[in-house]
Structures are given as structure tokens and as C-alpha cells.
Amino acid sequence: MATPAPARIPPAMNKHDLSERDICTKFITPAIRQAGWDEITQLREEVGFTKGRIIVRGKLVTRGQAKRADYILYYKPNIPLAVVEAKDNTCSLGSGIQQALDYATTLDLPFVFSSNGDGFLFHDRTGQSPQQETTLALNEFPSPGQLWAKYCAWKGLLPDQLDLVLQDYYDDGSGKEPRYYQSRAINATIEAIAKGQNRVLLVMATGTGKTYTAFQIIWRLWKAGCKKRILYLADRNVLIDQTMVNDFRPFGKAMAKLSTSAKTIEKQDGTTVDLPLAVDSKRRIDTSYEIYLGLYQAITGPEDRQKLFREFSPGFFDLIVIDECHRGSAAEDSAWREILEHFSAATQIGMTATPKETKYVSNIHYFGDPVYSYSLREGIRDGFLAPYKVIKVHIDVDVSGYRPESGKTDRDGLEIEDRLYNQRDFDRTLVIDDRTRLVAQKITEFLRESGDPMQKTIIFCVDEEHAARMRQALVNENPAQCRKNHRYVMRIALGGTATGISTSPSRLTSLTLAPSSKRPTHGWVRRRPSARVQKTTASTCSSARHTAKGWRPPSIVPRTSSGGHQT
């Protein structure tokens, strides 16, 4: 059946009287369809691609205006090519070009069109056209093949690379699809690998869906047959376990964890699932799987017998994805780096929220410049991340310091060194229980004043001992909530003895308060070397005696004071 041409306006109808939506329906959509674009798979109208910035005024919250394109044209559902901005016929042909260019810059689209129903103003960002901007009649709109050829030339894609680039995303039928920045990250990574790049770095802010992005990258490479054996590395058990039951679930029986410890995970719907393991009790590896997930700490260590990764041949894996690669894997002398060097022939994708660049540690030196970056600022601007407000609470001992009386002893009867203690000492060499209680009171106060004490809250502590004290203080400040749910306040040790994994002094601990889902949500604090925490001499103490004569509990001081404690 022939595609209908753009409508002709009857003499009695004035084109200037038509609305923008009428112009789209009667002129722009038919012109695009006539050029060969499939209305079901290649043409989308009124496409919102941001949520609108979250705006907080006092206790009132609203959203700014989301960005919405009139048309986005796709060569395939995962490869957008062009944006079209429509205006009514009282506007000029190019009235929407600036708006369309703004959208194209955000979405990284090479082809930009503006129309008022009389024709199109075409802006070619690739430099493949004789002129950067050209006026086209309605029947001159370019076909998908024409724009795709320009796109491939712009990206430098060769014919033998197209099978990988054109591989589809995973679609579970629910309508969930990558956000625009996730799509850009996935496509940039796939194109880099298709061109032979073996070290790829992605920088994406915390909370923007790095794991889901990693899954879609792995899925496309795996389904295209480009990468057949894949290793996903992380440094915390929760990142592996939750990834297996959530984002990576579609890999099914092709996936297993590099661990000897069986684990049952409770899903959000209350059901449980047993994680498949690729290592038996004798540390023998089942090499029949295709997708392996593992902890750095579980497959390597200071002794040769702990280096489980060496049971794999150097060429076993085709692809390695490193979550939070700015941590241990970034340092050249790190024990974790030896894993990457053992599998140096594999394509390696590093993902991080905070790329590390110091004299001794460099992500870029190892992985190269990021193929795509999406910052915290961009996430807040687009409305995918909430903005933050810093509230400073000043505690008198933090501002002025604390000096014990001469001869004052701690709980163990050891004399406290007579000197001025400040924030660097508190909860490290000196513990003031009243200060811990005061912090717990202020946090509880803040949650109650917010109107919702179930708001997700993370308190970062110095070490596990500090987190345990803070948990107890918060429990005592929130007895009603804790009676309703004993998991209202939780301290969770990750990567430490609770999981049976021996780690370096930089083990991670978390203290989590009031998850909005009424279940704990993980946050982490860095543990200090135990020698600094547990050292007890005549000049350093594990806990100050607060009931000693002359002791005055800490208090909040006016916010105009200099210095202070930030929460």
C-alpha cells in the first residue's frame, strides 16, 4: 500500500489557524513516513527524556520542566539518529532549531530538524553534508538509509563492525528501557569495543544505574557472540548478590558466583533465591558457565593459595567489567590489579562514580579517557538525582575542643593525656559518649521534623566500633520505631568477618537508619586500621569517663561559630 502524502489544506482552511499538533499530524508525520521511516519502530512522538529538576523550597517539593522532544527518529530502537522540533505555521521554518539543537546536544544526536509544516530546516552536526544547514521541502526529508550512512561515516564504523553495533538491548516486555544517558554510555562503549578498543572507562555518578548499564553492555556483547566468557568484579558482597538477583537475572543458568559459600537472597517480593556457585568446597572451579561474578577479595590474596583467579588460564575471559574501578584496581601495586594483568588479553571495562587521579593512582593511565561521563551535576539538573542541602550542626567540643582535667581517667582507670582534643581525636583516640548521644538526638530530631521518620538515612562512622555505639544511641532515641521493626536501625558489616572474608584495614561498615521501604538500605563507612582504634595507653583511651567530677556534656552552639560538625 502506498504511503499517503502530506495533506493539502482545503481552500476554506487557513494553515495559520492550525495548532502545532495539527501541523504535526497533517504535514510533518506524513512527510517523515513518506521518506521511509517506520512509524512503529523508528518514529516516536512527544518523547520525554529528562524528569525535570527537583526543586525544594522549605518542606515543599516540586519539579522543574522536563525536556520533551516532538519527534525522535531511530535507525533501531537502541540507536537514535535525529530530533525534529515542530512549531505551528505562524512561526518561521527554523523557529525550533535552537531548541532542537539543545536536545540533540544532550542526546548526542547528529541530525537536527525544525519544521512549521511548510518544509524542514536541516542541521547536520556530522559535517557530512555540503552545508551545515539546508532548507528541505516536505517531500525531501531524508530516508533512514541516508541518515544511517552519514552516521556510520561520522562514527567511523566499518561494515564488519555493524553487527555488534546493531545488536539489540535486552527487553523484558515491561516497557523498561535505558535512560538517555545510559543509552549514550552503552552505545559509546559498544562502538569503542567494535573498533577494537580493549580498555574502556565509564564515569557515572552514584545512583545513575551503573549496574543496569553494565548489564545491557554485557548482554549486547554476549548476544552478538563478540564476548563469550565474562567476569564481573566488585569489592562488596552486596554488589554481587543483589546484581545477580536483580539486573543480571536474565542471564539465568549461564551465570554463577565465584564463591565457596552458598547464599540465599531475599528478594523485594519476599521470595528467596539460592545463588549458583562456580567454586566447590575444595576450591575447584566449574568452567561451564559463561558469566562469572566475583569479589576481588574472594579470588585473590597475599598468599599464592588465595589467588583463585590463577586457576583460570590468562585467555579464559573475553570481557572483564570492574565495578567502582577507582578503588583497589586503580593502584599499580594493588593486589587487585594483578587480576586485571593476569587477564590482560581480555577487553576490560572500568566503571566508576569518582575517577581517581593522584601521583600514585590513575584510572585514566590504565583505562584511558572516559568514553562517556555523566556527572552528579547533570543527574541533579535532569531530575534523576535529588539535589542536596548542607546543614551544619556545631557541637561545642568540636568547635572549641575538649581538654580533660589534670589526672582525669577513663573507664579503665587509665589517665587521659592532658592536652586539647579535637575532631581528629573524637571516636579515634578519645570517645565521648555524650557526643554520640547528641548526634543521635539531632538526627532523630531532624527526621521527626521532616514529617517522615522512615526517610532513608545513612550515618557515616569512623569504624565498626563507632558504628555500633551510634546504632545503640539511635535505638535508644527511637524506641517506638524499633519496637515496630527491629531492623529500623541497622549496622551492617560488609566485606569483614561477618561475611567470612579477610580484608585489608580499609574494610567497609555501614549504619543505616529508617529505610523508606521499611527494609534496610546499605551505606558504607571506611574502617580505620584497628591499631589506631584499639590502642590503649596512659596517653590514649578507648572511652572517656563522663561521670567524672566537673564533666559537662557537649551541647549545640550557635551556627555563627567558626568550624563545626557537618551532618
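Predicted model, so just to flag it, every value in this text is computed and none were measured.
Between D323 and A234 the shortest heavy-atom distance is CB-CB, 4.2 Å. In terms of heavy atoms, I40 sits closest to D38 at N-OD1, 2.7 Å. When all heavy atoms are compared, the tightest approach of P250 to N246 is CD-O, 4.2 Å. The two residues M255 and M244 have their closest heavy-atom pair at CE-O, 3.6 Å. Nearest heavy-atom pair across I28 and A86 is CD1-CB, 3.5 Å. Taking every heavy atom of both residues into account, A386 and I380 meet most closely at O-CG1, 3.8 Å.
Residues D369 and L201 fail the side-chain proximity criterion, which asks for heavy atoms closer than 4.5 Å. With a 4.5 Å cut-off on side-chain heavy atoms, F113 and H123 do not count as touching. Using a 4.5 Å cut-off on side-chain heavy atoms (C-beta onward), I79 and W148 make contact. Within the 4.5 Å cutoff, side-chain heavy atoms of Y388 are placed close to those of L376. Residues I322 and M351 have side chains not in contact (no heavy-atom distance under 4.5 Å, counting atoms from C-beta outward). The side-chain heavy atoms of I97 and E85, taken from C-beta on, include no pair separated by under 4.5 Å. Between R249 and T243 the shortest side-chain heavy-atom distance does not fall below 4.5 Å. Residues L81 and P144 fail the side-chain proximity criterion, which asks for heavy atoms closer than 4.5 Å.
Note that CG of L43 and CZ of R33 are 8.5 Å apart. Values are rounded to the nearest 0.5 Å. For the atom pair K210 NZ and I217 CD1, the distance stands at 12.0 Å (nearest 0.5 Å). Atom NZ of K26 is separated from atom CG of N89 by 12.5 Å, given to the nearest 0.5 angstrom. Put simply, CD1 on I186 and CG on L202 are 9.0 Å apart, with the number rounded to the nearest 0.5 Å. The distance from atom CG of D318 to atom CH2 of W222, rounded to the nearest 0.5 Å, is 13.0 Å. One distance of note links CD of E177 with CG of D171; it measures 8.5 Å at 0.5 Å rounding.
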Let's go through D70 and K87 carefully: what are the C-alpha distance in whole Å and the side-chain angles of both, what is the deciding distance for side chain to side chain contact (heavy atoms under 4.5 Å, CB included) to 0.1 Å, and is it a yes or a no? CA-CA 9 Å; D70 290 327; K87 298 296 179 185; 6.0 Å; no
Residue pair L107, F49: steps toward the side chain to side chain contact (heavy atoms under 4.5 Å, CB included) verdict: CA-CA 9 Å; L107 298 170; F49 54 91; 3.7 Å; yes
Run the side chain to side chain contact (heavy atoms under 4.5 Å, CB included) check on L138 and F141 step by step: do they pass? CA-CA 6 Å; L138 284 174; F141 195 87; over 6 Å; no
Checking Y180 against T50 for the side chain to side chain donor-acceptor pair (under 3.5 Å) test, could you report, in this order, the C-alpha distance in whole Å, the side-chain angles of both residues, the deciding distance, and whether it holds? CA-CA 8 Å; Y180 86 85; T50 71; over 6 Å; no
Given the rule in the side chain to side chain contact (heavy atoms under 4.5 Å, CB included) test, do R21 and E45 qualify, once you have shown the distances and angles that lead to the verdict? CA-CA 11 Å; R21 182 44 44 197; E45 298 183 56; 2.9 Å; yes
Verify ring pair (Phe, Tyr, Trp, His ring centres under 6.0 Å) between Y151 and F111, making sure each step is shown before the conclusion. CA-CA 9 Å; Y151 180 90; F111 309 115; 7.3 Å; no
Any chance you could lay out the side chain to side chain donor-acceptor pair (under 3.5 Å) test for Q128 and W154, step after step, and finish with the verdict? CA-CA 7 Å; Q128 303 294 315; W154 178 51; over 6 Å; no
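Side-chain atoms of R68 come within 3.5 Å of backbone atoms of E46 as a donor-acceptor pair (strictly under, hydrogens ignored). Looking at K15, its side chain does come within 3.5 Å of a backbone N or O of G117 through a donor-acceptor pair. A donor-acceptor pair is defined here as one N or O able to donate and one able to accept, closer than 3.5 Å; such a pair exists between the side chain of R220 and the backbone of V165. Checked by atom type and distance alone, the side chain of S114 pairs as donor or acceptor with a backbone atom of G96 at under 3.5 Å. No donor-acceptor distance shorter than 3.5 angstrom exists from the side chain of E191 to the backbone of A188, with no hydrogens or angles considered. Remark: side-chain polar atoms of S95 are not paired, donor with acceptor, to backbone N or O of C91 under 3.5 angstrom. Listed for the R199 side chain is no donor-acceptor partner under 3.5 Å among the backbone atoms of T347. At least one donor-acceptor pair under 3.5 Å links the side chain of Q182 to the backbone N or O of T208. One N or O on the side chain of Q348 and one on the backbone of L340 form a donor-acceptor pair closer than 3.5 Å. At distances below 3.5 Å, not a single donor-acceptor pair connects side-chain atoms of Q242 with backbone N or O atoms of L239.
Side-chain atoms of N187 and K155 form no donor-acceptor pair, as typed in the model, at a separation below 3.5 Å. Side-chain polar atoms of K76 and Q167 form no donor-acceptor pair below 3.5 angstrom. In summary, the side chains of Y71 and T29 do present a donor paired with an acceptor at a separation below 3.5 Å, with no hydrogens or angles considered. Judged purely by distance below 3.5 Å, without hydrogens or angles, the side chains of K150 and S129 pair a donor atom with an acceptor atom. With hydrogens and angles left out, the side-chain atoms of S375 and E378 include a donor and acceptor closer than 3.5 Å. Between Y181 and D382, the side chains place no donor N or O within less than 3.5 Å of an acceptor N or O (distance only, hydrogens not considered). Between the side chains of N116 and D88, not a single donor N or O lies within less than 3.5 Å of an accepting N or O.
By the 6.0 Å contact criterion, NZ on K228 is open, its count of non-hydrogen atoms from other residues, nucleotides or ligands being 12 or less.
Comment: D102 engages K67 in a salt bridge, judged by a side-chain N to carboxylate O separation of less than 4.0 angstrom.
The aromatic rings of W219 and F251 sit tilted relative to each other, their planes meeting at an angle between 30° and 60°.
Residues W37 and Y74 place their aromatic rings such that the two centres sit no closer than 6.0 Å.
In this structure, R337 satisfies the cation-pi test against Y366, with its NZ or CZ atom closer than 6.0 Å to the six-membered ring centre and inside 45 degrees of the ring normal. By the 6.0 Å and 45° rule, K176 stacks over the aromatic ring of Y212. F316 carries R229 over the face of its six-membered ring, with the cationic atom under 6.0 Å from the centre and within 45° of the normal.
Among F312, F343, Y232, the single residue meeting the ring pair (Phe, Tyr, Trp, His ring centres under 6.0 Å) criterion with Y292 is F312.
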